[in-house]
Amino acid sequence: IPAPTTIVNSDGAHANRLPSNITWHQGLTRGERNHLRHQRGCTVWFTGLSASGKSTIATALEQHLLQQGLATYRLDGDNVRFGLNKDLGFSEQDRNENIRRIAEVRTYACWSNSSTADDTIANRLYRYQVAKLFADSSTIALTSFISPYRADRAIARELHADTKNVDEPLPFIEVFVDIPVEEAEKRDPKGLYKKARAGEIKEFTGISAPYEEPEHPEIHIRSDKVSVEEAVVQITKYLQDKGLLKQQN
């Protein structure tokens, strides 16, 4: 268990989620684990509007990497709701808890795929930790969440960069799946944009709530201009160039 994590409550107060009497037990270093598993863990964080193609590209990338013999796991906003977070609703408190769980598993191994803007900080933190858990296990973690706010994505990045009690940071690759909102509305496979325009969904990202585009993503994909296959090639090349797909001897 990592050192106590500070979480900001809805009232702005800070609270440690872990008691102070928990001790970190050192085991294998990340370098040793990567060597034994013959690959390096990392998180590929897909962000973009609803219907931008995040999940479609992430799914295709997962299949491609698995076929290459690389341990890979995809976390999707909707899918997580069916398992890990099936006990949570969409209240502010539950949204915060949803994010908190995902982040811990991933940082240790993200952002809800919900298109509304009422996720609380604790919920978002949870998603980040979920991603880190997978990456820490020398697995390539793929996350596809709208994650509309720069500050929250920065927190996810910082969690991966933290080297307290470990020998090296975890690579964090932000993939901006970019699409004009007009094109996303044309796709609208779940009918969410239509409901948002009709006022049935409040604070819908891209319509009545903001989406803050990444300023310096590692990878920028215009999903209305490239195919899914081309996007997978683009991401794979980046990972190869950074040495993240090289099997460890």
Side-chain angles (χ1 to χ4, degrees), residues 28-48 51-84 102-113 127-147 153 156-157 159-161 166 168-179 214 217-223 225-249:
L28 291 175
T29 66
R30 281 179 182 159
E32 291 169 337
R33 187 179 295 108
N34 291 341
H35 175 74
L36 291 170
R37 294 203 65 192
H38 305 293
Q39 72 173 65
R40 188 178 182 188
C42 66
T43 289
V44 182
W45 190 284
F46 292 85
T47 176
S52 63
K54 300 182 302 298
S55 295
T56 301
I57 296 171
T59 298
L61 179 62
E62 179 186 35
Q63 293 173 343
H64 173 69
L65 295 178
L66 286 170
Q67 289 173 353
Q68 303 304 309
L70 295 163
T72 309
Y73 192 80
R74 179 178 60 88
L75 285 172
D76 178 88
D78 285 343
N79 293 352
V80 167
R81 286 279 185 175
F82 282 98
L84 180 68
I102 294 171
E104 181 65 32
V105 172
R106 235 167 144 166
T107 347
Y108 246 28
C110 335
W111 186 288
S112 167
N113 203 36
R127 296 188 185 116
Y128 313 150
Q129 302 281 23
V130 170
K132 187 178 179 183
L133 280 173
F134 278 99
D136 192 43
S137 71
S138 300
T139 297
I140 300 173
L142 311 178
T143 63
S144 53
F145 304 104
I146 291 172
S147 46
R153 296 193 299 267
R157 184 183 293 275
L159 284 171
H160 286 69
V166 294
E168 60 185 58
L170 292 167
F172 182 90
I173 300 93
E174 185 176 42
V175 180
F176 176 27
V177 184
D178 188 6
I179 189 173
E218 280 74 14
I219 302 172
H220 187 171
I221 294 172
R222 276 295 301 265
S223 59
K225 296 184 179 297
V226 302
S227 67
V228 173
E229 292 76 14
E230 291 170 329
V232 169
V233 169
Q234 182 179 345
I235 299 168
T236 301
K237 184 178 186 305
Y238 177 91
L239 297 175
Q240 288 174 334
D241 290 345
K242 295 299 180 180
L244 296 175
L245 301 186
K246 182 179 180 181
Q247 290 194 340
Q248 307 289 312
N249 296 319

If we only count heavy atoms from C-beta on, is the [X] to [Y] side-chain gap below 4.5 Å?
{"X": "Val44", "Y": "Leu239", "answer": "yes"}
{"X": "Ile235", "Y": "Ile221", "answer": "yes"}
{"X": "Pro171", "Y": "Lys242", "answer": "no"}

According to side chain to side chain contact (heavy atoms under 4.5 Å, CB included), who are the partners of [X], at least two apart in sequence or on a separate chain?
{"X": "Ala71", "value": "Arg37, Gln39, Thr139"}
{"X": "Thr72", "value": "Glu62, Leu65, Leu66, Leu70, Ile140, Leu142"}
{"X": "Lys237", "value": "Asp241"}
{"X": "Ala58", "value": "Phe46, Arg74, Ser144"}

**Asked** Do Arg33 side-chain atoms and Asp136 backbone N/O form a donor-acceptor pair below 3.5 Å?
**Response** yes
**Request:** Would you confirm whether Thr47, through its side chain, and Ser147, through its main-chain N or O, come within 3.5 Å as a donor-acceptor pair?
**Result:** yes
**Item:** salt bridge (Lys or Arg N to Asp or Glu O under 4.0 Å) partners for Glu174, two or more places apart
**Value:** Arg153, Arg157
**Message:** Could you go through Leu245 and Gln68, starting from their C-alpha distance and side-chain angles, then the distance that decides it, and tell me whether this counts as side chain to side chain contact (heavy atoms under 4.5 Å, CB included)?
**Reply:** CA-CA 9 Å; Leu245 301 186; Gln68 303 304 309; over 6 Å; no
Quick one: list whatever passes side-chain hydrogen bond (donor to acceptor under 3.5 Å, both in side chains) with [X], sequence neighbours left out.
{"X": "Glu230", "value": "Ser227"}
{"X": "Thr236", "value": "none"}
{"X": "His220", "value": "Asp178"}
{"X": "Glu32", "value": "Thr29"}

[atom1]-[atom2] distance between [X] and [Y], expressed to the nearest 0.5 angstrom:
{"X": "Leu170", "Y": "Ser137", "atom1": "CG", "atom2": "OG", "answer": "9.5 Å"}
{"X": "Lys54", "Y": "Ser223", "atom1": "NZ", "atom2": "OG", "answer": "9.0 Å"}
{"X": "Thr59", "Y": "His64", "atom1": "OG1", "atom2": "NE2", "answer": "14.5 Å"}

To check you understand the geometry: which heavy-atom pair defines the closest contact between [X] and [Y], and what is its length?
{"X": "Gly41", "Y": "Asn34", "value": "N-OD1, 3.6 Å"}
{"X": "Val228", "Y": "Ala60", "value": "CG1-CB, 3.6 Å"}
{"X": "Ile179", "Y": "Ala51", "value": "CD1-O, 4.2 Å"}
{"X": "Ser52", "Y": "Gly48", "value": "OG-C, 3.8 Å"}

